[in-house]
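Read through the structure below, which is laid out as structure tokens, and then see the notes.
Lettering follows sequence order; numbering is per chain, from 1.
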There are 2 protein chains.
Amino acid sequence: MSAAEETAEPHDDTAKPWGEVTPEAARKLLVAAVEAFAERGYHATTTRDIAGRAGMSPAALYIHYKTKEELLHRISRIGHDKALEILQAAAGGPGTAAERLDGAVRSFVRWHAERHTTARVVQYELDALSDEHRAEIIELRRRSDTAVRRILNDGVKAGEFDVPDVPGTTLAVLSLCIDVARWFNAQGRRTPDEVGALYADLVLRMVAAQK
Amino acid sequence: MSAAEETAEPHDDTAKPWGEVTPEAARKLLVAAVEAFAERGYHATTTRDIAGRAGMSPAALYIHYKTKEELLHRISRIGHDKALEILQAAAGGPGTAAERLDGAVRSFVRWHAERHTTARVVQYELDALSDEHRAEIIELRRRSDTAVRRILNDGVKAGEFDVPDVPGTTLAVLSLCIDVARWFNAQGRRTPDEVGALYADLVLRMVAAQK
DNA sequence: CGGCGCGCTAAGCGCTTGCTCACCTTCGGG
DNA sequence: CCCGAAGGTGAGCAAGCGCTTAGCGCGCCG
């Protein structure tokens, strides 16, 4: 990070979701793009729509971003960084494998529910990225997979878990959590916390050793 | 049925994937559209691309379909009918709740893996449908939900399952299966049968009563 | 054999798209 | 009090979009 960069925000990016995006106009455009992409999908969203939601002219977009695809990449990159951070924090934390798996699923699911607008873009618009940008993102996803697999392996080694197929179960756990972004509805009956608790319970049952 | 066995059921026209679509030219266009939609997404696919894949001129599309959206609707409708049929067959079949749930997940997942190109369109392009068409499809999805919930309720009543939150678990089971269409890769290591078996096992663990 | 209708194509219409460019403000520093 | 950079706008371009239309070839029936 360059010392010349000046931010009014303290180093808490969880309080203000897109706090790392500056200046203000660039953030407004990015937030507008997240909403539009989540609602209609990347390809069905026009640059005029994004600019309009941000209260600016279509040309303003190109002062802060080179192309529409770069906007998607910035969103995807920041979102994947956050998702990976959540999983790695849970995987590397203290506690038994069961406790860490519970924490990982709970917080990962809560993020997908709470920020389901962002998550929908992050998880379901990968195909719209350029080859280079997609490769960069896929590497982040590989690391997410590694973090979860580590918890499962630890649990098996410790005798806490009974998991015949660790790679397959890792895939299933991540898939289950990610798909929350697709169906979660903020107006629905369940809160993000409730979904997180339910899913953590279901996942723990999937891997639990028989007693 | 043994794994990796190639079967071409002669008497069943649903075994031939798009057998119900006639005439031949309409089927060729529809198959081309499924491929294109699955690869690039509905909005990123052009009518010229679809026609080109079918070896026809762009105008030919409009002899058999009124609009590009009608093509998507036909695909979505046929796919959802098939998915619902699979679940209802499993839910209404013989056997214990555990056996029926195993069968439902196994065949539902196998369909999503085997026909993941179709399933990707069917499951992830709903937003592109018109309001009327989407409402029609959502009704089919509601019935899929009902079929699975029925199995879970039966299992709880019979004491086979321990499921504190039946609606939530129903959602999770369906979500898990559906998301197979997103990540499944035909060139990957796992066959559709293997994924079906793995997932059936994981789901049964999620709902099993403690012993 | 003549004519008719169906399936298809070549050409293209009207419109929207991502993006650009000439120009206009605003504003801190000499 | 002027200046230049930074950030914004209105108008518009080239390309590509979904879709239409005029007309062509060809199997079928009298």
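Salt bridge Asp145(A)/Arg142(A): absent, no basic N to carboxylate O contact under 4.0 Å. Ion pairing between a basic and an acidic side chain is recognised when a charged N comes within 4.0 Å of a carboxylate O; Glu20(B) and Lys82(B) show no such pairing. A salt bridge is defined here as a Lys NZ or Arg NE, NH1 or NH2 lying under 4.0 Å from an Asp or Glu carboxylate O, and Asp201(A) with Arg106(A) fails to meet this definition. Taking 4.0 Å as the cut-off between side-chain N and carboxylate O, Glu39(A) and Arg53(A) count as a salt-bridged pair. Using a 4.0 Å cut-off between charged side-chain N and carboxylate O, Arg182(B) and Asp179(A) make no salt bridge. Between Asp49(B) and Arg40(B), at least one side-chain N (NZ, or NE/NH1/NH2) sits under 4.0 Å from a carboxylate O, which counts as a salt bridge.
Atom NE2 in His43(B) sits about 16 Å away from atom P in dT16(C), given to the nearest Å. Atom P of nucleotide dA11(C) and atom OH of Tyr62(B) are separated by 19 Å, given to the nearest angstrom. Glu24(B) has its CD atom 17 Å from the C1' atom of dC6(C), to the nearest Å.
Along DNA chain C, the nucleotide nearest Ala44(A) and the nucleotide nearest Pro23(B) are compared for position; the residue whose nucleotide lies closer to the 5' end is Pro23(B).
Against DNA chain D, the stretch residues 48-57 of chain A makes heavy-atom approaches under 4.0 Å through Arg48(A), Met56(A), Ser57(A).
Surrounding CD of Glu139(B) are more than 12 heavy atoms belonging to other residues, nucleotides or ligands, all under 6.0 Å away.
Side-chain N or O atoms of Thr45(A) include one that pairs as donor or acceptor with a backbone N or O of Ala36(A) at under 3.5 Å.
In the 5' to 3' direction, nucleotides of DNA chain D lying under 4.0 Å from heavy atoms of chain A begin and end at dG8(D) to dG12(D).
For dG18(C), the OP1/OP2 oxygens have a side-chain nitrogen or oxygen of Thr47(A) closer than 4.0 Å.
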